[in-house]
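Below is one structure, written out as structure tokens, with a few remarks after it.
These numbers were taken from a predicted model, which means no experiment stands behind them.
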Amino acid sequence: MLGSKPKTRGAEPNETLVTLLLPIGRLMLKGGLGIGDLIRAAKEAYVRAAVAYVAPVDQRVNASRLSVITGLTRKEVTAIVNEIKGDPSSRPAEVKEQRALRVLRGWKLDPRFCDNKGQPAPLPLRGDRRSFSALVREYGGDVTPNSVLKELERIKAVIFSGSRALRLRCSGITCKRRMRARPRRS
């Protein structure tokens, strides 16, 4: 069954990894993190493990060798190693943010979806320009408005007003704080 733990006895390596990652996936979903966050963390953990595995403590790290061992490009390995060392100029490419959060950010910041005071406007579900469907088309990627709506309802970020328009549930500073947590759009 999807979402359940596979049998680990005699399981293939992929099944074992899935079993190990299920609790991490649950924590990430609760924390509003996207798959890009997991991939970035996994790459860093893998490079750290590879460095510990092949490089003696005081020896220079060889990016080519780490690349061969990990399957990452030399460029990725170098950026990750430099970031581990504390070089902020070598940050890897932006991570993909959870789609519901991208939609919320667009609603909060895009003037097309804000009222004349700069606040998120109530949006009808359907329409060409200023609607929830248009917002999701712009910021949600290839997901349906209904799936984003269900997620926003689950996290209690939206509410329907009396006119059947969708409203952002949080106001001003609360939304800004939540949305500032992951500033990237991919």
Shortest non-hydrogen contact from Pro122 toward Ala165
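Nearest heavy atoms, Pro122 then Ala165: CB-CB, 3.9 Å.
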Atom CG of Leu104 and atom CG of Leu109: how far apart are they, to the nearest 0.5 Å?
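The CG atom of Leu109 is 10.5 Å from CG of Leu104, to the nearest 0.5 Å.
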Rounded to the nearest 0.5 Å, what separates atom CD1 in Ile24 from atom CG in Asp37?
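Between Ile24 CD1 and Asp37 CG, I get 13.0 Å after rounding to 0.5 Å.
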Are [Y] and [X] co-members of a hydrophobic cluster defined by side-chain heavy atoms under 4.5 Å apart?
X      : Y      : value
Leu17  : Leu22  : no
Val68  : Val77  : no
Phe160 : Leu123 : yes
Leu33  : Leu38  : yes
Val143 : Phe113 : yes

Would you say [X]'s side chain and [Y]'s backbone share a donor-acceptor pair under 3.5 angstrom?
X      : Y      : value
Thr78  : Lys75  : no
Ser133 : Leu125 : yes
Trp107 : Ala121 : yes
Arg74  : Ala63  : no

[X]: what forms a side chain to side chain donor-acceptor pair (under 3.5 Å) with it, not counting sequence neighbours?
X      : value
Glu44  : Arg48
Ser161 : Ser163
Asn62  : none

Are Thr144 and Ser147 close enough, and set up right, to give a side-chain hydrogen bond (donor to acceptor under 3.5 Å, both in side chains), and what steps lead you there?
CA-CA 5 Å; Thr144 64; Ser147 61; 3.1 Å; yes
Are Arg112 and Asp110 close enough for a salt bridge, meaning some N to O gap below 4.0 Å?
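Salt bridge flag = yes for Asp110 with Arg112.
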Taking NZ, NE, NH1 and NH2 as the nitrogens, is one of them in Arg169 or Glu153 under 4.0 Å from a carboxylate oxygen of the other?
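So Arg169 does not pair with Glu153 through a salt bridge.
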Just so I know, are the side chains of [X] and [Y] near enough to count as touching, which here means a heavy-atom distance under 4.5 Å?
X      : Y      : value
Ile80  : Leu72  : yes
Phe132 : Leu152 : yes
Lys43  : Val47  : no

Can you name the residues that form a side-chain contact (heavy atoms from CB on, under 4.5 Å) with Ile69, not counting sequence neighbours?
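Listed in chain order: Ala50, Val54, Arg65.
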Under the side chain to side chain contact (heavy atoms under 4.5 Å, CB included) criterion, do Val51 and Leu66 qualify, and how do the steps go?
CA-CA 7 Å; Val51 167; Leu66 292 176; 3.6 Å; yes
Taking only residues at least two apart or on different chains, which pairs with a member in residues 140-152 satisfy salt bridge (Lys or Arg N to Asp or Glu O under 4.0 Å)?
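Those involving residues 140-152 are Arg99-Asp142, Glu151-Arg154.
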Please assess Arg40 against Glu76 for the test salt bridge (Lys or Arg N to Asp or Glu O under 4.0 Å), listing each intermediate value before the final yes or no.
CA-CA 10 Å; Arg40 182 172 172 185; Glu76 285 177 301; over 6 Å; no
Keeping to residues at least two apart or across chains, list the side chain to side chain donor-acceptor pair (under 3.5 Å) pairs with something in residues 121-131.
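Matches after skipping sequence neighbours: none remain.
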